[in-house]
Amino acid sequence: MNKVEITFQDILWTLKKYILWIVAVSLVSMIAAWAYSTYFVTPIYSTSISVCVFANDRSTASSVTTGELTADASIANTYQVLITSQPVMNAVSEDLDGKVSPESLRSMITASVQKNTQIINVTIRGTRPQLIADIGNSLAEVGPTVLNALAHGGEMVSVDHAKTPSMPSSPNITSNTTVGLVLGLLLSCSVVILIALLDTTIWREEDLERAFNIPILGSVPPMSAAAIAAARRKRRR
């Protein structure tokens with residue numbers, strides 16, 4: 001006979017019944033996520049530089065006008081695109097004695113304009129910490145010269161230089177391990193709840209009442225093996 005409905009108590013009882021299995025699956029999932037992040041994912045390091053861009057046609061006044069700020073913002077957006085252009089990448093690759101090809105450099109470099117400023121943040125990512133620091137510093141040195149020649153009407157100056165990263169930026173082992181634990185917990189609990197939903201076994205008096213919609217008049221108490229053996233000995237006397 002199928003149960004009429006599943007109660008929250010049934011779910012809690014089933015979760016308690018399989019608690020060791022849930023804990024085991026969660027731990028295995030956590031360990032698997034940690035092992036994968038530690039031994040199978042290549043660490044990626046990142047460093048960054050900042051450059052400042054402004055228009056050449058400044059007025060002689062000490063204060064900066066709104067029109068000049070607008071021109072600076074327009075120039076900054078142009079320089080953001082030009083930073084990864086072929087002439088700049090060729091100059092950086094040549095400055096590094098060809099250690100990295102221009103095509104590889106382009107895939108390693110991203111640039112973004114800091115909101116409402118003339119500052120462009122350039123991020124370099126790669127698997128070799130010292131190399132990406134060299135790339136950032138080379139870009140800070142040769143980039144302004146090449147870009148100022150490309151974009152007439154603007155000028156770019158380096159604000160800071162790249163530092164050699166000591167720790168990888170990805171993968172985030174702590175975050176991945178936590179995600180593995182949570183996924184294992186959710187998966188195991190989902191399976192256990194599904195078992196509870198599909199279970200048609202009558203376990204308690206309440207199950208009979210819900211299944212047949214009739215009251216229970218009486219029940220036989222459970223007997224342990226020792227009690228059954230004692231009752232048999234009494235009958236033999």
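Only heavy atoms go into these numbers, but all of them, side chains included; no hydrogens, no water, no symmetry mates. Note that the structure is predicted; figures quoted are calculated from it, not measured.
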Q: Output the distance between atom CZ (R128) and atom CE (M108), rounded to the nearest 0.5 Å.
A: 8.5 Å

Q: State, yes or no, whether a side-chain contact exists between Y45 and T164 at a heavy-atom distance under 4.5 Å.
A: no

Q. Which residues satisfy the side-chain contact (heavy atoms from CB on, under 4.5 Å) test with I44, sequence neighbours excluded?
A. R125, T127, S169, S170

Q | Under 4.5 Å side-chain linkage, directly or through intermediates, the cluster mates of M167 | A | none

Q) Are V192 and V23 linked, directly or through other ILVMFWY residues, by side chains that come within less than 4.5 angstrom of each other? A) no

Q: Please collect all side chain to side chain donor-acceptor pair (under 3.5 Å) contacts where either partner lies in residues 175-194, sequence neighbours excluded, each pair once.
A: S37-N176

Q. Do N148 and M156 come close enough that some side-chain heavy atom pair is under 4.5 Å?
A. yes

Q: Using the side-chain contact (heavy atoms from CB on, under 4.5 Å) rule, pick out the option among L187, L185, L186 that qualifies with C189.
A: L185

(Q) Contact between I120 and Y79 at the side-chain level, heavy atoms closer than 4.5 Å - yes or no? (A) yes

Q. Under the ring-ring contact (aromatic ring centres under 6.0 Å, His included) test, which residues partner Y39, sequence neighbours left out?
A. W34

Q | Hydrophobic cluster membership, L15 vs V28, 4.5 Å side-chain cutoff | A | no

**Q.** Exercise: identify the closest heavy-atom pair between V51 and S158
**A.** CG1-CA, 4.1 Å

Please report, to 0.1 Å, the donor-acceptor pairs under 3.5 Å made by any side chain of residues 131-144, with sequence neighbours excluded.
residue : atom : partner : partner atom : Å
D134    : OD1  : Q130    : NE2          : 3.0
N137    : OD1  : A162    : N            : 2.8
N137    : ND2  : A133    : O            : 3.2
S138    : OG   : D95     : OD2          : 2.7
E141    : OE2  : H161    : NE2          : 3.1

Q) Is there a side-chain contact between T123 and I109 (heavy atoms, below 4.5 Å)? A) no

**Q.** Residues in side-chain hydrogen bond (donor to acceptor under 3.5 Å, both in side chains) contact with R106, at least two apart in sequence or another chain
**A.** Q86

Q. Can you tell if the side chain of V88 reaches within under 4.5 Å of the side chain of L147, non-hydrogen atoms only?
A. yes

Q.
What I'd like to find out is whether the side chain of S48 reaches to under 4.5 Å of the side chain of I124, using heavy atoms alone.
A. no

Q | Results of side-chain contact (heavy atoms from CB on, under 4.5 Å) for S104 - residues two or more places apart only | A | V100, S101

Q | Same apolar cluster (I L V M F W Y, side chains within < 4.5 Å links), I173/V41 | A | yes

**Q.** side-chain contact (heavy atoms from CB on, under 4.5 Å) partner of P87, the single match among V92, L82, L150
**A.** L150

Q) Can you list the residues that meet the side-chain contact (heavy atoms from CB on, under 4.5 Å) rule with I195, with sequence neighbours excluded? A) Y18, V191

Q. How would you list, by chain and number, every residue that makes a side-chain contact (heavy atoms from CB on, under 4.5 Å) with N121, sequence neighbours excluded?
A. S50, S112, Q114, I119

Q: May I ask you to test the V113-N77 pair for a side-chain heavy-atom distance under 4.5 Å?
A: yes

(Q) Hydrophobic clusters here meaning ILVMFWY residues chained together by side-chain heavy-atom distances under 4.5 Å, can you tell me if L96 and M89 are in one? (A) yes

Q: Would you confirm whether S26, through its side chain, and I22, through its main-chain N or O, come within 3.5 Å as a donor-acceptor pair?
A: yes

Q) If you take all heavy atoms of P43 and P168, which pair is closest and at what distance? A) CB-CB, 3.8 Å

Q | Stepwise side-chain contact (heavy atoms from CB on, under 4.5 Å) check, L105 with S93 | A | CA-CA 8 Å; L105 286 172; S93 178; 3.9 Å; yes

